[in-house]
Asks: 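Pasting in a structure now, in structure tokens, and then I'll have a few things to ask.
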Amino acid sequence: MAVSVAVYLAPVKEIAITNHPHVVLGVTGSIAAFKAATLAGELVAHGFDVRAVLTETATRFVTPLTFEALTGNQAATGQWDEPGRGSRMIHIELGTWADVVAVVPATATTIARLSLGLADDLLGALILSTPAPLIVAPAMETGMWSHPATQEHVKTLRARGVRIVGPSEGRLASGTHGEGRMSEPAAILEAIRQTARRRSSLHGLRALVTAGPTHEPIDPVRYIGNRSSGKMGYALAQEALDRGAEVVLIAGPTALASPPGAEVVTIETTRDMQAAVLERAGASDIVIMAAAVADFSPACVLPSKLKRDAGFQLTMQPTKDIARAASEAAPDALHIGFALETEDLLNAARLKLRRKGQALVVANAVSDGHGPFGSDVNHVLLVHEGDLVELPEMSKVNVAAAVWDDIERLLAARGKLPG
Ligand code: CTP
């Protein structure tokens, strides 16, 4: 019989979001676990389909039966429980089923385990395997919460796009007063509702995202490249998947893992990127040019490796503006570009907006050698024809969410946002 339950994540692509979004509720070992039972009841009352996953320690505070009675679904405790539906392993089955995974309450140990990606219990394996968005509601004593180890792990989770709800200040299990008390079920319910809504917001739309650098060959062994890591474009692709879009990611050479669920087209040169983008732009609703495309390429590629003694002068020629060609080829799509500038950022971004037929340019300033290259954080302006939004410096994952919020606003204004 299935025993433990924890609230966790669910995948995006195969699942049509229904009126009853699927929530995996991961419950871990804290006295606040009784509030997870209240939350489970509230979720069901608000139309969610809930399946609980309890860690072994959680079962010392609450029972699987509590959650089974409240949700009408079997609760799970062990990696070897019967899946109940289909024949897949239970962590895969639950991970595929979930639209949202919520860990309520999350102990310091669980937070550390999630940060490290440990998969030696059902909840850990499920969270590692699912593409569904994750919400974590910490609950612990103040000293544990404020410890640098916990804070480091929370920072890691946030940078990955995990939503941390609370904790708040109040009376703790020890009887003392301080930060570490789990947020109330109503606040966690609201976070789950927002995440579930967001998850389906782009359902039925097709997004094309370019990412990473291009490499322009000089001879068979050498090339000209740039410092782009691809992190921003990959985060945008992941966020689009999380919101239910179909995603094509056209990526230059990067060290990043492909986002599960995206169609990934790898390219090397600007010319390859141009062909890949123009082939697919017409079938896209949204085109985001986040790649750091080379502005120049060698006028001719040498057929054999150039010898040092030969001396060398390189003639470069401008590449074709892919973003502009894409907006001309697909005028019905919404086009978004990036601008990386060392001076007069705003004017340059507005000029690009018009020249490339785009509705939004995400502008980065590069000053004193400080730019977004390779970094996990970014500081950008969202530049439109009529206005401008400056975002605070934040993780590229969070910038991606803010850019997609902006795109959804632009789509809604054009009557192109489903639902
Ligand atoms: N871009 C493109 N094709 C190119 C070069 C750039 O589509 N051949 C896109 C990038 O993906 C990015 C935007 O254009 O979205 C801005 O790149 P940038 O190099 O700043 O712009 P350029 O149009 O090349 O303008 P500049 O003359 O300022 O370099």
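Note that ligands are numbered from 1 as they come in the structure, with each ligand's atoms numbered from 1 the same way.
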Asks: Classify the contact between D321 and ligand 1 as side chain, backbone, both or neither, using a heavy-atom distance cut-off of under 4.0 Å.
Replies: both
Asks: For ligand 1, which atoms, with element, lie under 4.0 Å from some heavy atom of M289?
Replies: 7 (O), 11 (O), 12 (C), 15 (O)
Asks: Touching ligand 1 at all, K320? Heavy atoms, strictly under 4.0 Å?
Replies: yes
Asks: Counting only heavy atoms closer than 4.0 Å, does ligand 1 sit against the backbone of A291, its side chain, both, or neither?
Replies: backbone
Asks: Among all protein heavy atoms, pick out the one at the shortest distance from atom 5 (C) of ligand 1; state its residue, atom name and that distance to 0.1 Å.
Replies: D295 OD1, 3.2 Å
Asks: I'd like to know if the side chain of W145 reaches the main chain of A139, judged simply by a donor and an acceptor atom lying under 3.5 Å from each other, with no hydrogens or angles considered.
Replies: no
Asks: Heavy-atom distances under 4.0 Å are what count here, so tell me which part of K356 touches ligand 1: side chain, backbone, both or neither.
Replies: side chain
Asks: Does the N or O separation between A339 and ligand 1 drop below 3.5 Å for any pair?
Replies: no
Asks: Do S129 side-chain atoms and G95 backbone N/O form a donor-acceptor pair below 3.5 Å?
Replies: no
Asks: Hydrogens and angles aside, do D406 and H384 bring a side-chain donor and acceptor to less than 3.5 Å of each other?
Replies: yes
Asks: Nearest protein heavy-atom contact for atom 3 (N) of ligand 1: which residue, which atom, what distance?
Replies: I322 N, 3.0 Å
Asks: Looking at atom 27 (O) of ligand 1, what's its closest protein heavy atom, distance included?
Replies: R355 NH2, 4.5 Å
Asks: Between H46 and E42, is there a donor-acceptor pair closer than 3.5 Å when you use the side chain of the first and the backbone of the second?
Replies: yes
Asks: Within the 4.5 Å heavy-atom criterion, are I135 and V103 side-chain neighbours or not?
Replies: no
Asks: Identify the closest protein heavy atom to atom 4 (C) of ligand 1: which residue and atom is it, and at what distance?
Replies: V293 CG1, 3.5 Å
Asks: As an exercise, identify every atom of ligand 1 less than 4.0 angstrom from a heavy atom of A323.
Replies: 2 (C), 7 (O)
Asks: So that I can tick it off, tell me whether R243 and D405 are bridged by a salt bridge, with the cut-off set at under 4.0 angstrom between side-chain N and carboxylate O.
Replies: yes
Asks: Any nitrogen or oxygen of T270 lying under 3.5 Å from a nitrogen or oxygen in ligand 1? Just yes or no.
Replies: no
Asks: Tell me, with the steps shown, if E408 and L417 meet side-chain contact (heavy atoms from CB on, under 4.5 Å).
Replies: CA-CA 7 Å; E408 287 192 6; L417 198 60; 4.2 Å; yes
Asks: With a cut-off of 6.0 Å (strictly less than), are more than 12 heavy atoms of other residues, nucleotides or ligands near CD of Q317?
Replies: yes
Asks: Against heavy atoms of G337, which atoms of ligand 1 measure under 4.0 Å?
Replies: 15 (O)
Asks: Heavy atom under 4.0 Å from ligand 1: found in A294's side chain, backbone, both, or neither?
Replies: backbone
Asks: For atom 13 (C) of ligand 1, what is the closest protein heavy atom, and at what distance to 0.1 Å?
Replies: F338 O, 3.0 Å
Asks: Check whether H215 reaches the backbone of E268 with its side chain - one donor and one acceptor, N or O, closer than 3.5 Å.
Replies: no
Asks: Does the N or O separation between A290 and ligand 1 drop below 3.5 Å for any pair?
Replies: no
Asks: So, does T28 use its side chain to make a donor-acceptor pair with the main chain of T55 at under 3.5 Å?
Replies: no
Asks: Among all protein non-hydrogen atoms, which one is nearest to atom 20 (O) of ligand 1, and what is the separation to 0.1 Å?
Replies: K352 NZ, 2.6 Å
Asks: Indicate yes or no: at least one non-hydrogen side-chain atom of F338 is less than 4.5 angstrom from one of V361.
Replies: no
